[in-house]
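Atoms within each ligand, like the ligands themselves, are counted from 1 in listed order.
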Amino acid sequence: MNKGTICVQAGWEPKKGEPRVLPIYQSTTFKYETSEQMAKLFDLEEAGFFYSRLQNPTTEAVAKKITALEGGVATILTASGQSATFYAIFNLCSAGDHLVSTSAIYGGTYNLFAITLKKLGIEVSFINQDASEEEIVAAFRPNTKCLFGETISNPTLQVLDIAKMATIAHSQGVPLIVDNTFATPINCRPFELGADIVMHSTSKYMDGHATQVGGAVIDSGNFDWAAYPDKFPGLTQPDESYHGLVYTEAFGKGAYITKCTVQLMRDLGASPAPQNSFLLNLGLETLHLRVARHCENAQAVAEFLQGVSDIAWINYAGLPSNEYHELAKRQFDGGRSCGVICFGIKGGRERAIRFIDSLKMIAIVTHVADTRSCVLHPASHTHRQLSDEQLLEAGVKPDLIRLSVGIEDIADIIADIEQALSAIAE
Ligand code: PLP
C-alpha cells in the first residue's frame with residue numbers, strides 16, 4: 001500500500017462482524033482459560049495480550065500502522081515522545097556507556113541527554129551535524145552505542161543528512177537513531193536513507209490535533225546486533241529475567257522492540273492509555289492530507305515573509321536561498337520539509353514579543369504541528385532562563401519566532417501576520 005492508503009487502512013483489520021472502527025480496549029487485563037496458557041505468555045513462548053502496561057489491542061493496531069508508515073518491522077508506542085527517546089537509548093545503553101548526538105535537538109531531549117542520562121552513568125558527546133565525517137567520527141569512543149539526530153531539528157530547523165550520518169554510525173559499528181517527528185514518514189522515511197531506529201513524539205503531526213501526548217519507537221530490523229555481541233550484550237546475551245532467553249536468537253529482527261517491550265515497558269511502565277492510542281489513530285488517518293497542507297501553507301507564509309522589509313531573516317528549507325534546500329529536495333518526498341518556519345523581526349527580542357502579542361488568530365502555545373496555527377518565542381518561553389549569549393550557544397537567536405503553520409485558509413493566516421506587522425510598525 002502507498003503511504004496515503006496506509007494512513008487510512010493499516011493496523012486495524014476487522015474480521016466478520018467486528019467493529020469497522022478501531023475499538024478502545026479499555027481494559028487493564030485479558031482473560032485466559034488455563035494456567036498453562038498464561039504461563040506461556042510470561043515465558044514469551046507465545047504472543048498475546050495479558051496486561052495493558054505491556055500490550056493492548058488498541059495500541060497494537062496503531063503501532064502496526066506506524067510500522068507500515070515508516071517501513072519498519074516493529075513499533076512500541078509510549079506515553080510521550082520523551083519516554084520514546086529514553087527507551088530508544090536505554091534499550092542499548094547502560095551505566096558506563098556513551099552515545100554521540102547532534103547538538104541541534106529538541107530542548108527536552110538535550111536535558112535528558114546532558115543531565116538525566118549523566119545521572120544514570122551514560123555520557124553524551126554533542127557534535128555539529130554539518131561537520132565533516134572525520135570530525136564526527138572523532139567523537140566516537142570504544143563504549144559508544146549509538147548516534148542520534150533529528151531529521152529536522154526543533155526549533156532551529158536544521159536538516160540532518162541521514163545517509164551521511166548512517167554511513168558514519170555504521171563505520172563505527174553502531175546504529176543511527178533518528179527523531180522523525182517534524183518530517184513525519186509522509187515527507188521522509190529515514191530507514192530508506194540508512195537509519196536503523198526511528199522515534200517520534202506522536203503528540204505532534206501524527207496526532208495533529210493536539211489531543212494526546214505520545215511517542216513511538218520503530219525498528220527497521222536492519223541492524224545486525226549479533227555481529228557486535230560485546231557491544232550490545234542486552235540483546236545478544238542471556239536475560240536473567242526470562243530464564244536466560246537471548247533476544248537476537250529468539251526474536252531475530254524483532255529483538256530490539258521485543259526487549260524494549262518486555263524489559264523497559266515491564267519495568268518502567270510509560271505505556272500509552274488505549275484512549276490516547278485511539279485518538280492517535282484518528283489523527284493518523286489524515287496525516288497525509290494534513291502534512292501536505294501544512295507544508296503548502298508554510299511555503300506560502302515563508303514566501304510572503306521574504307517580501308517584507310521588516311523581516312530580518314527566515315529559516316525554511318522550502319526557500320531556494322536556504323542552506324538546507326538542496327538536501328531537503330534530495331531527501332524529502334517532493335522536497336517538502338514540515339509546516340514549521342522560523343524567522344526574526346528587525347528590532348530583536350522586544351519587537352518579536354510585540355509581534356506575537358499582536359497576532360489575533362495565531363495563538364501563543366508551547367506546541368507545534370497541530371491543525372491550528374500557533375507561535376512561540378523561545379527566548380521568552382521555552383528558553384527564557386538563558387542570556388542572549390547562552391541562547392546563541394544553543395543555536396537559538398534571541399529574536400527567533402517559531403511559527404507552526406496550520407491548515408487554515410492561507411489567506412487568513414497571512415492576513416493575521418500582516419495585521420500584526422502593521423501593529424508593530426506604528
Ligand atoms: N522530539 C521532538 C522533535 C519534539 O519536538 C518533542 C516535543 O516537542 C519531543 C521529542 C518530546 O515529545 P513529547 O512532548 O511528546 O514528550
Side-chain angles (χ1 to χ4, degrees), residues 59 62 66 70 75-90 101-117 124 126 129 148-160 162 165 176-188 190 195 197-218 264 268-273 276-277 279-280 283-284 291 294 298 315 317 332 337-342 364-370 374-378 381-383 394-396 400 402-405:
T59 300
V62 186
I66 293 176
E70 286 288 4
T75 296
I76 181 170
L77 295 191
T78 57
S80 67
Q82 282 302 101
S83 44
T85 312
F86 180 64
Y87 279 23
I89 301 292
F90 204 57
S101 170
T102 65
S103 53
I105 47 174
Y106 166 63
T109 309
Y110 185 85
N111 277 333
L112 169 66
F113 286 2
I115 315 284
T116 303
L117 288 189
V124 182
F126 294 98
Q129 64 193 50
F148 183 93
E150 289 179 10
T151 311
I152 302 170
S153 61
N154 178 14
T156 54
L157 304 184
Q158 282 166 257
V159 178
L160 188 73
I162 296 175
M165 297 307 248
L176 172 65
I177 304 180
V178 169
D179 180 336
N180 200 30
T181 299
F182 269 36
T184 82
I186 301 301
N187 290 346
C188 180
I197 310 289
V198 160
M199 51 83 30
H200 281 270
S201 163
T202 62
S203 329
K204 306 298 176 322
Y205 287 113
M206 281 198 167
D207 168 315
H209 302 76
T211 58
Q212 60 91 48
V213 172
V217 184
I218 307 107
L264 302 189
L268 303 172
S271 50
N276 281 359
S277 299
L279 291 169
L280 173 58
L284 287 167
V291 166
H294 278 291
N315 185 7
F332 298 152
S337 56
C338 64
V340 181
I341 67 176
C342 289
I364 303 172
V365 299
T366 314
H367 196 244
V368 288
D370 75 76
C374 59
V375 71
L376 190 87
H377 179 227
H381 306 136
T382 46
H383 295 62
V396 179
L400 186 152
R402 185 184 71 185
L403 175 64
S404 174
V405 183

Among residues at least two apart in sequence or on other chains, which ones pass side-chain hydrogen bond (donor to acceptor under 3.5 Å, both in side chains) with Ser101? none
From the list His367, His294, His200, ring pair (Phe, Tyr, Trp, His ring centres under 6.0 Å) with Tyr205 holds only for His294
Apply side chain to side chain contact (heavy atoms under 4.5 Å, CB included) to the pair Leu77 and Leu280, showing each step before the final yes or no. CA-CA 10 Å; Leu77 295 191; Leu280 173 58; 4.2 Å; yes
Output all residues satisfying side chain to side chain contact (heavy atoms under 4.5 Å, CB included) with Ser404, sequence neighbours left out; order by chain, then residue number. Val340, Val368, Cys374
Please list, one pair per line, the donor and acceptor atoms closer than 3.5 Å that link side chains of residues 208-216 to other protein atoms, with sequence neighbours excluded.
| unit_1 | atom_1 | unit_2 | atom_2 | d |
| --- | --- | --- | --- | --- |
| His209 | ND1 | Asp207 | O | 2.8 |
| Thr211 | OG1 | Asp207 | OD2 | 2.8 |
| Gln212 | NE2 | Thr202 | O | 3.3 |
| Gln212 | NE2 | Thr202 | OG1 | 3.3 |

In the structure I gave you, are the side-chain heavy atoms of Ile197 and Met199 within less than 4.5 Å of one another anywhere? no
For ligand 1, what are the residues with a heavy-atom contact below 4.0 Å? Ser80, Gly81, Gln82, Tyr106, Glu150, Asn154, Asp179, Thr181, Phe182, Ser201, Ser203, Lys204, Val213, Gly214
